[in-house]
Amino acid sequence: MRDSRRKEIAAYITRRGSVTMPELCETFHVSMNTIRADVSFLEQTGTVEKVYGGVRAVQQQEIPLFAQRAQLHTEAKRAIVRQAASLVNDGDTLFVDAGTTTMHLLDMLPLEIHATIVTGNLHIIAQAYTRPNLELIVLPGALNRRTNSVSDVSTLEFLGRYHFGKALMAATGLSADGKLNVSSYLDHEIKHLAVQQSDHRILLCDSAKYGAAGLMSYASLKDMDRLITDSLCSPELRALCRSFGTLLEIAE
């Protein structure tokens, strides 16, 4: 209940921009002490910051528009997804993350494969219509143009009902210490939950993202069973995979 309330508070503050503490108490029907604890937690995650008289949403790190990012490192991304598609077996239940790499999955997946895909990735959703062998479960939420997906607080409750054999995960950046970075609190919550609900976690990440910092991290490379990246993978990233025991696959 507490975690659910904090997610709702974060979404409320993000929508409003800034709010007073008494307003939060009244809106969520809790005491001032409870609101102080919730705001303190959200402040630690980098979602909000305290200001005179209340609290406001932290301006999230701007990343290029989805259409622009989709044109970057396209050849490497498609090679990575081709490698990932070879791991999909008949009868698999997959979580497919939003992203400019994961969007290519159905281009690479054999037509004869029968699988269940749970996703909010709009590119995958549009393509699945012509793939009768695929059972598609669409996550609820509002349109997020930044990630070309649907997501909001309702996504988390819905996603929590499912268990996945494999999760194909994305990240906006992969820190030198192995943190998988995202640029918003909602992205953090969705990806973190998907990782928890999956038996086998596969990170699809082109080498250009290595060393890129982010607002917050939803998991670590050590939480991934496998990293699929491109041939420009640095020696440092290779060493990091070895130290974490994460299987590294180079897509040619």
Side-chain angles (χ1 to χ4, degrees), residues 1-63 95 97-99 118-120 138-147 149-164 167 169-175 177-198 201 212-224:
M1 183 175 178
R2 182 187 62 184
D3 290 343
S4 176
R5 184 184 65 248
R6 287 174 174 176
K7 292 167 189 173
E8 292 176 6
I9 291 172
Y12 182 81
I13 297 171
T14 299
R15 288 196 304 270
R16 298 292 298 272
S18 63
V19 296
T20 65
M21 300 291 274
E23 179 184 349
L24 290 175
C25 291
E26 182 178 352
T27 301
F28 293 94
H29 309 291
V30 293
S31 69
M32 181 60 75
N33 284 341
T34 297
I35 282 297
R36 287 196 182 104
D38 290 344
V39 166
S40 177
F41 171 81
L42 294 175
E43 190 178 23
Q44 291 173 30
T45 69
T47 306
V48 305
E49 60 184 352
K50 292 177 183 175
V51 295
Y52 181 75
V55 61
R56 69 182 176 193
V58 170
Q59 200 64 25
Q60 306 290 8
Q61 175 187 358
E62 291 296 324
I63 60 176
F95 172 79
D97 204 358
V118 180
T119 190
V138 180
L139 296 174
L143 173 63
N144 185 335
R145 291 180 174 83
R146 181 177 52 80
T147 59
S149 66
V150 289
S151 61
D152 60 24
V153 174
S154 67
T155 311
L156 296 168
E157 190 276 331
F158 189 88
L159 183 61
R161 303 174 188 173
Y162 292 92
H163 182 85
F164 311 106
M169 302 303 301
T172 57
L174 173 53
S175 298
D177 60 359
K179 291 179 180 177
L180 310 182
N181 298 317
V182 292
S183 59
S184 78
Y185 180 71
L186 186 56
D187 287 347
H188 170 278
E189 292 295 296
I190 291 172
K191 293 177 192 291
H192 181 72
L193 180 57
V195 167
Q196 289 183 316
Q197 301 287 97
S198 302
R201 299 93 170 224
L215 183 65
M216 59 188 76
S217 59
Y218 72 87
S220 167
L221 184 59
K222 66 183 176 182
D223 300 315
M224 299 292 114

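Nothing here was measured: the structure is a model prediction, and the numbers come from that model.
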Participant: Does Arg36 offer a backbone N or O that forms a donor-acceptor pair with the side chain of Ser40 under 3.5 Å?
Facilitator: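 Here the side-chain-to-backbone pair does not exist.
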Participant: Do you know which two heavy atoms are closest between Asn144 and Ser151, and how far apart they sit?
Facilitator: ND2-OG, 3.8 Å
Participant: Ignoring hydrogens, what is the shortest heavy-atom contact between Leu193 and Gly160? Give both atom names and the distance.
Facilitator: CD2-N, 3.8 Å
Participant: Cut-off 3.5 Å, side chains only: do Ser31 and Asn33 have a donor facing an acceptor?
Facilitator: no
Participant: Do Val39 and Met21 pass the side chain to side chain contact (heavy atoms under 4.5 Å, CB included) test, and can you show the C-alpha distance, the side-chain angles, and the key distance before you say yes or no?
Facilitator: CA-CA 9 Å; Val39 166; Met21 300 291 274; 4.0 Å; yes
Participant: Quick one: do Cys25 and Met32 satisfy side chain to side chain contact (heavy atoms under 4.5 Å, CB included)? Show the steps, please.
Facilitator: CA-CA 6 Å; Cys25 291; Met32 181 60 75; 3.8 Å; yes
Participant: Can you measure from OG (Ser184) to CG (Asp187) and round to the nearest 0.5 angstrom?
Facilitator: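 Output value for this atom pair is 3.0 Å.
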Participant: Mind checking salt bridge (Lys or Arg N to Asp or Glu O under 4.0 Å) for Glu8 and listing every partner two or more places apart, or none if nothing turns up?
Facilitator: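 Per chain and number, Glu8 pairs via salt bridge (Lys or Arg N to Asp or Glu O under 4.0 Å) with no residue.
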Participant: Stepwise, does the side chain to side chain contact (heavy atoms under 4.5 Å, CB included) test hold for Met224 with Leu180?
Facilitator: CA-CA 10 Å; Met224 299 292 114; Leu180 310 182; 3.9 Å; yes
Participant: If you draw a 6.0 Å radius around CD in Glu26, do more than 12 non-hydrogen atoms from other residues or ligands fall strictly inside?
Facilitator: no
Participant: So do the side chains of Val118 and Leu139 get within less than 4.5 Å of each other, counting heavy atoms only?
Facilitator: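 A side-chain contact under 4.5 Å exists here.
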Participant: Run the side chain to side chain contact (heavy atoms under 4.5 Å, CB included) test on Thr119 and Val138 for me, step by step, so that the C-alpha distance in whole Å, both residues' side-chain angles and the decisive distance to 0.1 Å come before the verdict.
Facilitator: CA-CA 5 Å; Thr119 190; Val138 180; 5.9 Å; no
Participant: Between atom CD1 of Ile190 and atom NZ of Lys7, what is the distance when rounded to the nearest 0.5 Å?
Facilitator: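 Between atom CD1 of Ile190 and atom NZ of Lys7 there are 10.0 Å.
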Participant: Main chain of Arg201, side chain of Ser198: is a donor-acceptor contact present, judged purely on distance under 3.5 Å?
Facilitator: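 Not a single qualifying donor-acceptor pair exists.
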Participant: Applying salt bridge (Lys or Arg N to Asp or Glu O under 4.0 Å), can you list everything that pairs with Arg5, at least two apart in sequence or on another chain?
Facilitator: Asp38
Participant: If only atom types and distance count, is the side chain of Gln197 paired as donor or acceptor with the main-chain N or O of Tyr162 below 3.5 Å?
Facilitator: yes
Participant: Determine the minimum heavy-atom distance between Met216 and Tyr185, stating which atoms define it.
Facilitator: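 Nearest heavy atoms, Met216 then Tyr185: SD-CA, 3.8 Å.
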Participant: With rounding to the nearest 0.5 Å, note down the distance linking NZ in Lys191 to OG1 in Thr172.
Facilitator: 7.5 Å
Participant: Any chance you could measure Leu156, atom CG, to Glu189, atom CD, to the nearest 0.5 Å?
Facilitator: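 Answer rounded to 0.5 Å: 6.0 Å.
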Participant: Does Ser175 use its side chain to pair, donor to acceptor, with the backbone of Asp177 at less than 3.5 Å?
Facilitator: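 Side chain of Ser175 to backbone of Asp177: no pair is present.
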Participant: Please report the shortest heavy-atom distance between Ala37 and Arg6, naming the atom on each side.
Facilitator: O-NH2, 3.8 Å
Participant: Is any side-chain heavy atom of Val55 closer than 4.5 Å to one of Leu24?
Facilitator: yes
Participant: Find out whether Ile9 and Ile13 are in side-chain contact, i.e. whether some heavy atom of one side chain is under 4.5 Å from a heavy atom of the other.
Facilitator: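 Ile9 vs Ile13: side chains touch.
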Participant: Classify the ring geometry between Phe95 and Phe164 as parallel (under 30°), tilted (30 to 60°) or perpendicular (over 60°).
Facilitator: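 Taking Phe164 first and then Phe95, their aromatic rings sit tilted (interplane angle of 30° to 60°).
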Participant: Kindly give the heavy-atom pair with the smallest separation between Ala171 and Tyr218, and that separation in Å.
Facilitator: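 Between these two residues, the closest heavy atoms are CB-CE2, 4.3 Å.
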Participant: According to the interplanar angle, ranging from 0 to 90°, do the rings of His192 and His188 count as parallel (below 30°), tilted (30 to 60°) or perpendicular (above 60°)?
Facilitator: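 Ring orientation, 0 to 90° scale: parallel.
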Participant: Distance-only, no hydrogens or angles: does the Thr155 side chain make a donor-acceptor pair with backbone N or O of Pro140 under 3.5 Å?
Facilitator: yes
Participant: Which pair of non-hydrogen atoms, one from Ala11 and one from Val153, has the smallest distance, and what is that distance?
Facilitator: CB-CG2, 3.5 Å
